[in-house]
Amino acid sequence: MHAKYLEIFEMARPFLDTRENENHTRIAYELAVRLLSEEGGDPDVILPAIILHDVGWKCVPEDLQITAFGPGQKDSALNRVHETEGARITRELLEQVDYPAPLIEEIAEIVEGHDSVAKPRSLNDAIVKDADKLWRYTEHGLDIDVRRFDVEASDHLDDLLDLVDKWFHTATARRIAREEYNQRIRRHKEH
């Protein structure tokens, strides 16, 4: 992680100690770097946005978080809280490191709609959305979601495969999702 993004990550860490978000963020960051290399976009927007996209979960009580996302989502308002509070925290943290004001606003806008706004507003937004969702296809993401949602890995993998064309905005993300899916399928057939 480049030093200027590492500083933002270190400032975000206290907000990432819920929902296993620190590891999610690290993996999503690496996925964003991959997407950037193939799709383009502005790393000075995308990388801070992916680091900060889930800081708002810290403002949602841990016992209610599971109701706000995933297959058992019952409270979409709480999901919006994580986005709106995340945008507020994003602005505060980026102002502390004297990040350029126009970039702060674009980053905060991405954070504020990364789950609730289906159609990306820009390539930068699309890459953040894709990197966030791609995490679910990784070994780490699958293991957490199977445990978190109390589902069978094979059933969850089938659901993830069905979502590839619906969820992802870039060709690179769709390709990576299918690659990760195939790796997970092979692993689960071996066990």
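Keep in mind the model is a prediction, meaning the values are calculated, not measured.
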Next item on the list: Classify the side-chain pair T67/D75 by whether it contains a donor and acceptor separated by less than 3.5 Å.
Entry: no

Item checked: Donor-acceptor pair, side chain of E20 and main chain of I144, under 3.5 angstrom -> no

Note to self: Let me confirm one number: the CD1-CD1 distance from I8 to I50, rounded to the nearest 0.5 Å.
What the structure shows: 13.0 Å

Next item on the list: For residues A49 and I110, report the shortest heavy-atom separation together with the two atoms involved.
Entry: CB-CG2, 4.1 Å

Check: Can H53 and H82 be counted as having a side-chain donor-acceptor contact under 3.5 angstrom?
Finding: no

Note to self: Let me confirm one number: the CG-CG distance from L47 to L52, rounded to the nearest 0.5 Å.
What the structure shows: 11.0 Å

Next item on the list: Mind checking side chain to side chain donor-acceptor pair (under 3.5 Å) for D159 and listing every partner two or more places apart, or none if nothing turns up?
Entry: none

Checklist line | Side chains of E180 and T138, donor plus acceptor under 3.5 Å | finding: no

Checklist line | Atom of P14, atom of K58 and distance for their closest heavy-atom approach | finding: O-CE, 3.5 Å

Check: Tell me, which pairs form a salt bridge (Lys or Arg N to Asp or Glu O under 4.0 Å) where one or both residues lie in residues 32-47, sequence neighbours left out?
Finding: K4-D44, R34-E179, E38-R175

Item checked: Distance (rounded to the nearest 0.5 Å) between R19 CZ and T25 OG1 -> 9.0 Å

Notebook entry, point to check: How many angstroms lie between CD in Q183 and CD in E139, if you round to the nearest 0.5 Å?
Noted result: 9.0 Å

Note to self: I'd like to know if the side chain of D54 and the backbone of N21 have a donor-acceptor N/O pair within less than 3.5 Å.
What the structure shows: no

Check: So, for A177 and V164, which heavy atoms are closest and what is the spacing to 0.1 Å?
Finding: CB-CG2, 4.0 Å

Next item on the list: Answer yes if the ring centres of W57 and F69 are under 6.0 angstrom apart, and no otherwise.
Entry: yes

Check: Can you check whether D145 reaches Y137 side chain to side chain, under 4.5 Å on heavy atoms?
Finding: no

Check: Below 4.0 angstrom, N of the basic side chain to O of the carboxylate: do E106 and R121 qualify?
Finding: no

Notebook entry, point to check: Can you find a pair of side-chain heavy atoms, one from I51 and one from Y5, that are under 4.5 Å apart?
Noted result: yes

Check: Which pair of non-hydrogen atoms, one from F168 and one from R174, has the smallest distance, and what is that distance?
Finding: O-NH1, 3.1 Å

Margin query: Between T84 and E112, is there a side-chain donor-acceptor contact under 3.5 Å, judged purely by atom types and distance?
Written below: no

Item checked: Interatomic spacing from NZ in K119 to NZ in K129 - rounded to 0.5 Å -> 11.0 Å

Next item on the list: Could you walk me through whether D125 and H169 pass side-chain hydrogen bond (donor to acceptor under 3.5 Å, both in side chains), step by step?
Entry: CA-CA 10 Å; D125 191 16; H169 307 286; over 6 Å; no

Checklist line | D150, CG: over 12 other non-hydrogen atoms inside 6.0 angstrom | finding: no

Check: In Å and rounded to the nearest 0.5 Å, what is the CZ to OG distance from R184 to S154?
Finding: 14.5 Å

Would you give me the side-chain donor-acceptor pairs under 3.5 Å for residues 87-97, sequence neighbours excluded?
unit_1 : atom_1 : unit_2 : atom_2 : d
R88    : NE     : E85    : OE1    : 2.9
R88    : NH1    : E92    : OE2    : 2.9
R88    : NH2    : E85    : OE1    : 2.7
T90    : OG1    : G86    : O      : 2.7
R91    : NE     : E105   : OE1    : 3.4
R91    : NE     : E105   : OE2    : 3.1
R91    : NH2    : E105   : OE1    : 3.2

Notebook entry, point to check: Which heavy-atom pair separates P48 from P43 by the least distance, and what is that distance?
Noted result: CD-O, 3.3 Å

Check: Looking at L31 and A131, what are the two nearest heavy atoms and their distance?
Finding: CD1-O, 3.8 Å

Notebook entry, point to check: Does the side chain of V146 reach to within under 4.5 Å of the side chain of E152, using non-hydrogen atoms?
Noted result: no

